[in-house]
Every structure is written in structure tokens, then in C-alpha cells.
**Student:** 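Sharing a structure here in C-alpha cells format.
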Amino acid sequence: MSGQRGSNLCSSHKLSLLVLSMLVVFISSINSLPLDEQSELEPETYSKYYNYDQLTDLLKSLAQKYANIANLTSIGRSVENRELWVMRITRDPTADGPGKPKFKYVGNMHGDETVSRQVLIYLLEYLLEKYGEEPRVTELVDSTDIYIMPSMNPDGFEKSKEEDCMGKDEGRNNAKNIDLNRSFPDQFEEIHVNAEEMPEVVAVMRWILQNKFVLSGNLHGGTVVASYPFDDSAAHDNEGTYSRSPDDALFRYLARVYAENNPVMKTGQPKCEENINETFKDGITNGAKWYDVAGGMQDFNYLKGGCLEITMELSCCKYPPSTQLKTEWDNNREALLAYMEKIHIGVRGFVRAARNDAPLADAVIMVAGINHKVSTSRFGDYYRLLLPGTYNITVLAPGYVCYIPMSVAGVEVTEGKATVLNITLEAENDENPATLSIPESPTETSVNSASTDSSSSTGVNEAADEEKDSRVTVQPQDFRHHHYNDMELFLQKFSSEYSSITRLYSIGKSVQERSLWVMEISNNPGVHEFGEPEFKYIGNMHGNEVVGRELLLNLIEYLCHNYGTDPEITQLINSTRIHIMPSMNPDGYEVSQEGDISGVQGRNNTNNYDLNRNFPDRFNFVTDPRQPETLAVMNWAKSYPFVLSANLHGGSLVVNYPFDDNPDNVSRYSKSSDDDVFRMVALAYSQESSQMYDGHSCKGMDLYQEYFKDGITNGAEWYNVHGGMQDWNYINTNCFEVTIELGCYKYPPAADLPKYWERNRRSLLQYIHQVHRGVKGVVIDSKDGSGIANATITVDTINHPITSNAAGDYWRLLVPGKYHLTASAQGYSSVSTFVNVPKEGVESVNFTLNRIHSYTNGQTTEDTTPVLDPTVKEFQSLIKQLSGESGLDKLIKDTPTQSSFRYRRYSEVSEFLRGLTLNFPEITSLQSLGQSVEFRTIWALEISNNPKVQEPSEPKIRFVAGIHGNAPVGTELLLEFAASLCINYGKNAAITRLINETRIVILPSINPDGRELAKEKDCTSTAGKTNVHSKDLDNDFFGNASQRAAEPQPETRAVMDLIQERGFTLSVALDGGSVLVTYPYDKPVQSVENADTLRYLATVYANHHAKMHSGDTGCPNSQMGTIPNGVLRAAEWHSHMGSMKDFSVDFGHCPEITVYTSCCLFPPAEMLPTLWAENRKSLLSMLVEVHKGVRGVVKDKNGKPIVGAIIVLNGGVRVFTSEGGYFHALLAPGLHNIEAVADGYQQQSQKVSVSPFEAANSIIIQFDMENDIFGLPRELVVASAAAAMTALVVTACIIWCVCSAKSNRQKDGFHRLRQHRDDYDDEIRLMSMGSKKSLLSHEFQDESESEEDTLYTNKL
């Protein structure tokens, strides 16, 4: 019994142990599972919003749970470093393959429009959960590559607040306050995409361009409607302008699909509280017709990504309470699914090579009558959404292998699934073309490019029998002479029909106010694409030489018609930004006569000046006034980074290259530094024209029988031309230009135009190709990777440097060979390299330069600036951006003004200024500086983020106007400037930051009494010029009493006191009577120490002015002629004493420039908007410029700031340190010597480099010498030593006097007695002056006895 019991007990223990072991293993296995697998996902409640962290956790969990059909990736990060999550949903989601079109939804682009974010979360949950259960969802996921981005703006969402229906709180924009749906490249407006400010946009752009999405939806909030492209128009009307895309009918259909499946949207009456009566027919609208949005994402998708996208506005309330989310999901679920399913309509198929059945990537699919192209993926598949109908479709495969394009007519598209059209393309050298494939189904067709009969093509096969280069080209059909109105309509027509590759713009007007039109042709018109060279053609410079005009119109037509079908044209447009000006002299053309062979009627412009003798000449032979057409072209040439150009003429048959003249004015070869390059590009043109290359230019017409070897000639060797355009281009820009004479008949009959086109077509194209010769690349800052603008690229054997563009990219034309290149930039160490330029194409050479921070004791040191505070670095980035090519242009576009301009008298000016302080009290302060003679207040308005507190670390800029009361334009400009700054504070990030970092002081009128006497619309009246004491205030600023005949006027005294407060870094004064900028001195003869800096500041203003920088004032009765760059030393303009800017420089230690804003002193008020537009950019440029130069702080070894230290710039100009030891001085770009001097300290010096594009780097000047000696203050030691020395000197004098007195008693000599008290006074005065010469000249006799004295005494 006991044994059995023991046995049972043992068995029981074994069983318990086994159970316990199994339990431990089970628990361990449970604990070893990932957390996500330990618990089921919580069911969706449709009653809460997910913040960023919750969204991230949810998406990761879903991706893990449904790994067979879901894959989570990030396409980038937001400003605040949040991931931009995208969930890909499809069968086998980690692999790419053919046969599935790509679809995407993007939500929460505006952070406070939150319904879209939640609805897309619900959608992806629905697709994942219903896959395999619902046939509809299963088929959609299996057949479609779906990408869902719930939030494009996660930073904005985190700032938004629930139940904010109107978007009053922050959150709409990203963390840099950028509206993401206004920031994409636009077809009608140049938009700069800054990676630092809008990383979300950059990430999405990259995502779009890397994937060939077919269909897309962008979900928003604020009303209920489906909006479709285009979102803006060329006119940019606020609303009401229908901007039709080539696929307008298809877009309307897709928008209706969504709207019809949304119960609220389909009514067309959202009844939103903000606009209760707003209606949309069928629940859809054209974007631009609703309201104009430049830089929208849906247009970018269509134009650059080939993807059709519409924008869905889902709810009236942007951020409704979470209790409403279930209703929103119910309203949109069916619409979201139905819209996705439309990706499978139209035509789809594969494009393959006949030779090996290999897929052809990037083959272009075009539909006749619809100017929009899609392309194949790397697997050769394509998807072209189309409405039911019959279409003619063309397929072209660009690349190294030339394939014969294929056109198929009569492709039937029906309701439902897409028609399958597979295309097989033959290479040109294939010998055994494949046979026509038999369709697999009624909706599937396979076509071979070599086997299509004439009935199924659209003329392409006939073209294939022609010469290789014209196998699929469409030639111009309508050859005629185009008068101005006809030409204008022609250009407008092609700009409208081919808006995706063209941009029509005017660079100015002729004498008779005809626009000087330019057609830009590029795959991204309106934008300088990084690394892409720019090219220009100019025609009809001589009005009666018309062949160039017509050829350029033909060329525009040819390029537009053949883009996308002809590989050469497509490649040329995709890789080059081409600018074509058909007529530079439209006025001359209008008076020319058809049939003119060699006449001169119409050759010159309306003012009878030859435009090709009107450009600045290198030998200064040209004295004629610059014409408006010339000035327009000069401004244009300096505004774009042109690399190569040609000027089309008539009268001979030859390509003429620089130089066009020589100093002796004789016909002989005048070689430029780039003679080999010019010969290369000239031959490229002439060799394609057999008649020109023959060299006999005008057989049977030329009495002199001119001969040009190979059809080219050096200009001066042919004949001298002073003031020619091609030489000016080469000397003054980076552009190489030649002059092409197209024929000996200047104005041939219209019937002859086709033959001119045929002779020159290949030459015109081949010449454009030359822009891709030589070397190209980018000059990069090693510290931040940004491009360096204005860097100089030199070739050791060629004396002609070129400079980099604003983004740092450059192009340097060179003939094939080996070269030594050097890149240098102010403030950087130079870098050199060797390069081999190939016989064909271009060699890429990039340069990375290191910054030079300073020079100490003659040694260069690389930039070792410590890592900056992020806000400082951000501000420096802003200054660099605003200093770039289009930085200020973008700022102006982002801050439009809507003022009604008029002249204001004193009382209105005062009310306006008070109004600014009342409406913007946090950033404005109004101060009275004093009163005028008639007791009108001289106002000073300060604008800053802390206007009543002195902030010595910030630069202080002064804007002054109205010193002459009869020139009130400056007053109105400054009032408008002040208003625009205040209104945009807090709304525009750049304006806000500039105000936060600058103290801006505006004196709108310092002669209010004179202003009251001035006469409107009187351009020359002197009434009001002076104050009521008839004193010209600009002759009243004298710092020395000895120079002043009387006390300063009260207006002058008020301004002088402000200037002498010091602390100002820059001053800008506005006046009238011309269009130029002057810099000190006004006083005659005397030169100013920092002339380079003052001239540079004046040049910055002029360069940003719409026309000032041209140098032609355009003022009647101007005696100055052309003023270089619109800048002049003041004494050369109107020399006088006592000027305000001279006083500012001498006694305020502040540089001041004077801007003359208009020829007319008091122009009509209607002119004010134009004058504001001309000067606004320049005024803003001064706010940017004041942050450059050199700034820093002066301290002793203990870190104590030294106030009142003298900073000596380049051994001359002095500035003083203010509270905190701060100083700031503006300097011209370059290397400068800085010396710091302070009492009791050893002098310090540094060399600093100043960049024209970057904010001043802060430097610290620390004095080495201690202020203590033997542990005691230096002042005490010095004083004690001085007292001791004084005591010793006094003691020595006393001893000497005593000894002298004793010695004199023993002498019989005598001395001259002082006769008058005046003698004592004089001696004391002379001794106090310390002049040895004066003391020696006083009459003393030697008191010691001489031999003669002794003899004389004895005789007595």
C-alpha cells in the first residue's frame, strides 16, 4: 500500500512538473512575440483624430499585420523632422513589376484641413481589411499599385486645433510658414523651390517624378467640390477665368465621378457658413475659374509628372469635431473607390523592340488633338486615360537607338476597361521586321511599326521615306511676311496651344511702344533649370532685313509641332532653354518695303539710329544716345545666363564673328581671346548650308564678288562696326554671339521664303546644339553645399573669364582639347583642375571651394566659424536666398500691394503715420524730431520688433525723403514702403524676419513747408524746393561752425541731431529730377575714403531698379548722356557744399546714397504705381544689404565689452563700438583690413572677406593686453607714474635755478631788460605752446664774458 502510494505520488509530481514546464514554455513563447502580434489592433471607432505619433504606430501596425499587401515607407521628412509616410497597397507590395498602373491619394497638405487625413486612414484600413473578402476591393488591389499619403504636412497638423472651421489658428502652412499648395513650379509664374523652407514639396516633387503615376487625388477642406486643372492662368485673374488643359473633358469626367458619389458634393450646394450662397454646377469646378492658384500641386502633376490629378474639397469645416468623422467617411467612401477605379479606362499596353522583344522605357505616347503626352515605365508598359471615342495614337522611343515612330489610326476606346494597344517598334537598321500580330481580343491590338499600312498611319510612314532628320517632322506650312499685329497673334497662338513648352514675354517696348516679344521654348518654361544652358536668337535688328524675322517664326512653329515626336527636337528642348526674339526693330519693319534688295528704308529705328551701332563700344567711339530697343536688349542679356546667341541679318551670306572693330578703324583681323571657339560655332552654322559654305556670298548680285572661306569671316576683317551687339555681348556678359547674314536680298518676296527655310533649317538647329560644347558644372560652397554665385572660371590660356549663375552653375564654351581651369570667388580659396574637352558633347567639371574666414599676421586661415545657432543660420540662409537671382522677385510676388496711390499733404501724412502706429503698435513707434519754420512736425517712424528699445546688435537703416518739397515722389514711396512692411509682418516669413532683425527708421518728409507750396504735375518748377526761409536744406548741413554763415534751419537741425546719434549703418535718401543714384561727396574736389563701398551700395540699388541700371536716364534735356550703371559720384552730378549725405558720412559715420526716382519732379499721381513698381525691389534690396559687410563685438580678455572703441576700415573710415561693444560696417565685396583701437589697449587687426551674397559673419576682436599692471588698474599706475615724473622734473628745475643764481653773482655780463609786461605775457604764451623755435627766436644775449667784452672793459 505504501509502495503504491509512493508510486502515485511520484507520478503526480512528474505530471505537475510536466504541466509546469509546458506552461513556462508557452509563457516564454508568448513573451518572445513582438508586441504588435501579442494584441489585436483596436477596431476603428471613427471618433478620434490620430496625432503624428499615433498615426505612425497605426501605420506600422497595419503594415506588419497585412505585410502581403501593404508596405510602409517614408518619402522624406518635414521641416520639424517628421516622416512623410506613404502606405503602398497592392499584391506583392515590395516589388515593382509591369501591368499595374500607379494611383495615389495625398491628404492633409494644409495642416488644418484634417478630414482628408482621417478619411485616408479609414480608406487604407478598409482596403486592407476587405481584401480577400469583397471582390471589388480584391480586384482593385490586385490590379492597381495604390499609394496613400495621409499627411503631407504633419507639422501643420500638430499646430492646428479641433473645431477650428475657418483656419484661424496656425497650421495651414508648414513650419516655415510656407503654403505647400502655392510652392510647386508653375507654368505661368517663376516659383523658387527652396529645400530648406519646403522639404515637403521637394520630397513630393521627387516622388512624383520618380514614379509614373497615372491618376491622383489631392484631398483638402473648406468647402465641398471637386476642382480640376488648370489652377491658374497667364492673366492670374483672381477668379472667373477658365484655364483649360488639353485634357479638359477628361478632367471634368473624373471630377464628376467623385462628385456624383458624394451625397453632399453632387448637389453643388455645399452651404458652407463662410459662403452660404456659393454653388458649383454638378459639384465640380475649374480651378482657375473658382480662384487663381499659382504653384499648385495638381498642375505640377499633370505638366511635369504626366499624372492626372484633381483636388477634392471634402467638408465645409476644416477641422470639424471628431464626432463628425463617421459622417465624413460615409460621405466619401464610395467616391474614393469609384475614383480609383477610373485608372483602368482609356488605352493601355506595352511598347517593345521588334529585334528582341525588349521593353522600351520612356517611350512617348501621344494622342492626336490632345497636347499632352505620357511615357512608358522601365517595363515598357503605359496607361493613357481617355474618354470613349476613336483616336489616332503615335508612339516615339527616344534614345541612342533610333526607332521608327509608329502612328495608329482609329483606336477605339469604349466604356469600361481600357483598350489594350501593344506597340512593337523597329530600329532603323533592322533587316527583318516583324509581321503584324493578331489581336488577342476585340479590345487588344498589337502593332508593328514596319508593317502598318497607309490606312492606319497619320502620314508618318510617308515621312519615313524622306531623309533621316525629317522622317517624322512637321514642316511649317504658311510662309508669309508677318507684320507686327500678325506676328503678335502668331506668337500668342503658339504660346496658348503649346503652353507646356512655351512662354511668351516682352522685354520692353520700341520707340513707338510696340512690344519686343520673346518666345521661350523649354520643357520647363519660365524656370532656369539647374545645369541647363540658355540660348537666344535675335532677328530683324535692321527693320528692312526681314528673312531672320520669318525664319525665327518658322523655327518656333517647327519646334512646337515636333516636340515629342522628333527625337532631336525633343532632346534639344528638354536640355536647353531657348529664347527667340523674332523682331528687335518692329518699328523699322513697318516702314520697310517688300522687294527691297539693298536699301536702307526701315533699317534704323524710329529715331533714325542704327541699333547695331548703338551698343557701348570697347573703344568708346559710340556717343549716340542709347535707344529703348538697345537698352531693353542690354537689360535682357544681363538678366538671363545666356551662353550662346546669334543675331540674324541680311544683305550678304556669311557668319560674322567677333571682334567687329579695332582702334585704328581699318579692315583687318581683330582676334578675340576665344577666336577658336567663335570659328567653331560659326562653322557649325555655315557647314549645314551648302550655299553659305561655298563662300561666294552673292553670285550675280555682288558687284565686288565677295568671297568668304567656308562661309565665315572675322567682323573687323570684313569691315569695322563700332557699337555692335555681338562684341558687347562677349565683353559684358557670359554670352558668345555671332552675326549671321542670311542672304543678299534684304526683303525678298514672300514666295521665296520656303527656300530660305529649307536652306537654313538644319543650320539653325545645329547652331543651338553648340551650346552643349566645352565644359559645364557647378561651383559649390564646401561648408553648406550651396552654389556660389558670381564665382569666376578662368582658362589659363584664354584671357576671358566667365562667371557662375546665381545657383552656382556655369557653362564655358571651348573647342576640344586639354585645359587648365581655375574657379575662384571672393572669400574662398581658389581651386584648379585639368580637363579634357571631348570632340562631341560637354565635359562636366564641378568645383568645391573652401571659405576663407580671416587673415591674421599675413596667414590665411580656412573658415573655422563655430556651428551657428539655428535661428542665426536660418537668417543667413534667408539673406543668401534674397540676394540670389530671383529672391527679391519672389518676395514681391508673395507680398502684393493694393494701395490706391495719391499725393498726401502734411496733415494726411501725419494721419497716415499715426494710423500705422495705431494699427501696428507692436512694431512701430512715431517720434517727433523737431518742427519746421512753420511749426510742422518732422516725423520719424521706426519699424522693428521692439521699436522702443535700443538693440545695438541690430543694424539700423535710415530712409529719408522730401528734402526738396517740390519732389514729393520719395515721400509717397516711403509711405507705401512702410505700409507694405507693416501689413506683411507676421504674414510673410521673409518680411517678418527682416523686421525682427533690423531697426528701420523712415523720415518721409523733412521739408513739409516746401511740400505745401509745390505744384503737382509740374516737372521743372522750383516752387517748394526750399523751406519758407528760401533755404535749400541740402546746402545747410555743415558740421563745423567755421563753415557756417548762420545757424542751421530748424528742419536741418532736427535731422542733424538724428544723424549725430550715430548707430546708423546705412542711409538712403530719395529725391527727384532724374533717374540715377549718387554717392558722396557732393562737395567738389574732395574724394571720399570708402568710395568703393559707397559706389557698390549705389550700384546695388540701381541694379535692382527696373531701368536705372541701364544708365540711360531717359530725361528730356539731360546733359549727362549715358551714366554707367546708373551710378555717379555726387560732385559730378551737382557739386555743392553742405549736403545731407556728406554730413552723414563725416559726422554720422554712416554711408548715404541719394536716389533720384523720376525725371519729373512732381509727376501726375497716375505715375506713382509705376514708380513704386520700379523702386520697390531696390528699397527691399537695401534692407537685405544692411545685413552684409562686417559686424562684430570688441571685448577685453575678461570678456568685458569695450564701448567707444574705434574700428578703422582699410586705414581710413572709422566706426565706433556701441553699447555691448557692437559694431557693424558695410563694405564692398572683397578682402578688407580691420583695425581696432581703444585707449589703454594694444591695437588689433584682422583681414576679413566680404561676400555680395551673404550676411555679415560676426567676428570677435579681443584685446590681448591686460588692463592691470602689478595687480593695480592701469589708469592708477599711469597717473602715479606721471605724478612721480612731474615731482622729479620740478626738483631738478629748482636745483638748477639755485646753482645758476650763485654763478651769476660772479659774472660781470649783462642781459637785455624786459621793457614791457607784454614781453612776459608773450614768453609765457610761447612757453605754454612748447615751441622751441619760438623760444630761440626771442632776443637773449649770452651772459658769459667773451674776449671782446674783456678788452672793451679794460679800455674803459
Side-chain angles (χ1 to χ4, degrees), residues 506-518 536 538-543 581 583-589 602-640 642 645 647 649 658-661 720-733 735 737 739 1073-1078 1098-1099 1101-1129 1132-1133 1155-1160 1170 1174 1178:
S506 170
I507 65 166
K509 292 192 175 182
S510 66
V511 174
Q512 293 184 346
E513 294 293 307
R514 292 183 174 93
S515 291
L516 303 176
W517 291 113
V518 177
K536 64 181 164 74
I538 298 178
N540 201 209
M541 187 181 198
H542 292 146
M581 176 191 281
S583 182
M584 182 179 166
N585 185 3
D587 297 351
Y589 178 89
R603 172 187 177 91
N604 296 347
N605 76 344
T606 296
N607 290 337
N608 199 29
Y609 287 104
D610 187 329
L611 299 181
N612 207 33
R613 310 292 189 277
N614 194 237
F615 283 78
D617 185 75
R618 60 191 179 126
F619 303 119
N620 298 316
F621 287 139
V622 178
T623 58
D624 292 337
R626 214 74 66 216
Q627 297 301 293
E629 298 90 344
T630 308
L631 291 168
V633 170
M634 289 170 62
N635 293 338
W636 179 45
K638 287 189 173 183
S639 300
Y640 290 81
F642 292 118
S645 173
N647 177 15
H649 282 248
F659 283 125
D660 252 340
D661 65 352
N720 262 243
V721 171
H722 300 296
M725 182 164 69
Q726 69 177 13
D727 286 7
W728 181 87
N729 268 273
Y730 179 64
I731 294 168
N732 294 279
T733 74
C735 184
E737 180 172 285
T739 302
S1074 189
V1075 182
L1076 75 157
V1077 189
T1078 64
T1099 302
Y1101 192 102
N1103 284 345
H1104 286 95
H1105 191 277
K1107 59 185 181 182
M1108 191 179 288
H1109 62 280
S1110 68
D1112 183 18
T1113 65
C1115 299
N1117 303 320
S1118 174
Q1119 303 298 316
M1120 292 298 297
T1122 300
I1123 299 170
N1125 301 315
V1127 171
L1128 204 61
R1129 189 167 72 91
E1132 299 175 38
W1133 173 242
V1155 178
Y1156 295 87
T1157 58
S1158 64
C1159 297
C1160 183
T1170 300
E1174 290 175 353
S1178 296

**Student:** Does a side-chain heavy-atom distance below 4.5 Å link M725 with I538?
**Tutor:**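 Yes, close enough: below the 4.5 Å cut-off.
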**Student:** Let me confirm one number: the NE2-OG distance from H1109 to S639, rounded to the nearest 0.5 Å.
**Tutor:**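 H1109 atom NE2 to S639 atom OG measures 5.5 Å (nearest 0.5 Å).
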**Student:** The test is side chain to side chain contact (heavy atoms under 4.5 Å, CB included); show your working for F642 and T733 and say whether it passes.
**Tutor:** CA-CA 8 Å; F642 292 118; T733 74; over 6 Å; no
**Student:** Who passes ring pair (Phe, Tyr, Trp, His ring centres under 6.0 Å) against F659, sequence neighbours left out?
**Tutor:**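 Expected list: Y730.
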**Student:** Between D587 and Q512, is there a donor-acceptor pair closer than 3.5 Å when you use the side chain of the first and the backbone of the second?
**Tutor:**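 Looks like yes, one N/O pair under 3.5 Å.
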**Student:** Is the side chain of N605 donor-acceptor paired with the backbone N or O of S510 at a distance under 3.5 Å, no angle test?
**Tutor:**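 Judged by distance alone, no pair lies under 3.5 Å.
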**Student:** Indicate yes or no: at least one non-hydrogen side-chain atom of W636 is less than 4.5 angstrom from one of V518.
**Tutor:**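 A side-chain contact under 4.5 Å exists here.
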**Student:** Under 3.5 Å, is there a donor-acceptor pair between the side chain of T630 and the main chain of R626?
**Tutor:**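 Flag not set: sc T630 to bb R626 has no pair under 3.5 Å.
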**Student:** Kindly say whether H1105 contributes a backbone atom to a donor-acceptor pair with the side chain of S1178 at under 3.5 angstrom?
**Tutor:**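 Looks like yes, one N/O pair under 3.5 Å.
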**Student:** Nearest 0.5 Å, please: how far is CD in Q627 from CG in N604?
**Tutor:**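 The CG atom of N604 sits 9.5 Å away from the CD atom of Q627.
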**Student:** Return the minimal non-hydrogen interatomic distance between W728 and K638, and the atom names on each side.
**Tutor:**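 That closest heavy-atom pairing would be CZ2-CE, 3.8 Å.
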**Student:** List the residues meeting salt bridge (charged side-chain N to carboxylate O under 4.0 Å, His left out) with R603, not counting sequence neighbours, and say none if there are none.
**Tutor:**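 Only E545, D610 meet the salt bridge (charged side-chain N to carboxylate O under 4.0 Å, His left out) criterion with R603.
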**Student:** Find out whether Y609 and P625 are in side-chain contact, i.e. whether some heavy atom of one side chain is under 4.5 Å from a heavy atom of the other.
**Tutor:**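 Yes, side chains in contact.
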**Student:** I'd like to check V633 versus I507 (side-chain heavy atoms, cut-off strictly below 4.5 Å). Are they in contact?
**Tutor:**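 A side-chain contact exists here, since the closest heavy-atom pair is under 4.5 Å.
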**Student:** For T1099, is there any backbone N or O sitting under 3.5 Å from a side-chain donor or acceptor partner on N1125?
**Tutor:**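 Not a single qualifying donor-acceptor pair exists.
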**Student:** Which atom pair, heavy atoms only, marks the closest approach of N540 to S583?
**Tutor:**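 Heavy-atom minimum between the residues: OD1-OG, 2.8 Å.
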**Student:** Does a donor on one side chain and an acceptor on the other come within less than 3.5 Å for S645 and K536?
**Tutor:**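 Short answer, yes.
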**Student:** The criterion is salt bridge (charged side-chain N to carboxylate O under 4.0 Å, His left out); which residues satisfy it with E629, sequence neighbours excluded?
**Tutor:**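 Partners of E629 under the salt bridge (charged side-chain N to carboxylate O under 4.0 Å, His left out) test: none.
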**Student:** As a test of understanding, state which of T1078, L1076, V1077 forms a side chain to side chain contact (heavy atoms under 4.5 Å, CB included) with I1123.
**Tutor:**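 Of T1078, L1076, V1077, side chain to side chain contact (heavy atoms under 4.5 Å, CB included) with I1123 is met by L1076 alone.
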**Student:** Measure the OG-CG distance between S506 and L516 for me, rounded to the nearest 0.5 Å.
**Tutor:**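 Taking OG in S506 and CG in L516, the distance rounds to 5.5 Å.
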**Student:** Using the side chain to side chain contact (heavy atoms under 4.5 Å, CB included) rule, take N1103 and M1108 through it: C-alpha gap first, then chi angles, then the decisive distance, then the call.
**Tutor:** CA-CA 7 Å; N1103 284 345; M1108 191 179 288; over 6 Å; no
**Student:** Restricting to ring pair (Phe, Tyr, Trp, His ring centres under 6.0 Å), what partner residues turn up for Y589, sequence neighbours left out?
**Tutor:**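 Ring pair (Phe, Tyr, Trp, His ring centres under 6.0 Å) check on Y589 returns H483, Y747.
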**Student:** Just jot down the ring pair (Phe, Tyr, Trp, His ring centres under 6.0 Å) partners of H542, sequence neighbours excluded, or say none.
**Tutor:**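 H542 satisfies ring pair (Phe, Tyr, Trp, His ring centres under 6.0 Å) with H649 once adjacent residues are dropped.
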**Student:** My understanding is that only residues two or more places apart in sequence, or in another chain, count here; which of them pass side-chain contact (heavy atoms from CB on, under 4.5 Å) with D617?
**Tutor:**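 Applying side-chain contact (heavy atoms from CB on, under 4.5 Å) to D617 gives F619, F621, V622, D661, H722.
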**Student:** To the closest 0.5 Å, what do you measure between CG (N729) and CZ (F615)?
**Tutor:**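 Between atom CG of N729 and atom CZ of F615 there are 7.0 Å.
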**Student:** When you compare the side chains of Q726 and N647, does any donor N or O come within less than 3.5 Å of an acceptor on the partner?
**Tutor:**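 N647 and Q726 do not have a side-chain donor-acceptor pair below 3.5 Å.
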**Student:** Could you tell me if the side chain of S1074 sits less than 4.5 Å from the side chain of W1133, heavy atoms only?
**Tutor:**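 Of all side-chain heavy-atom pairs linking S1074 with W1133, at least one is under 4.5 Å.
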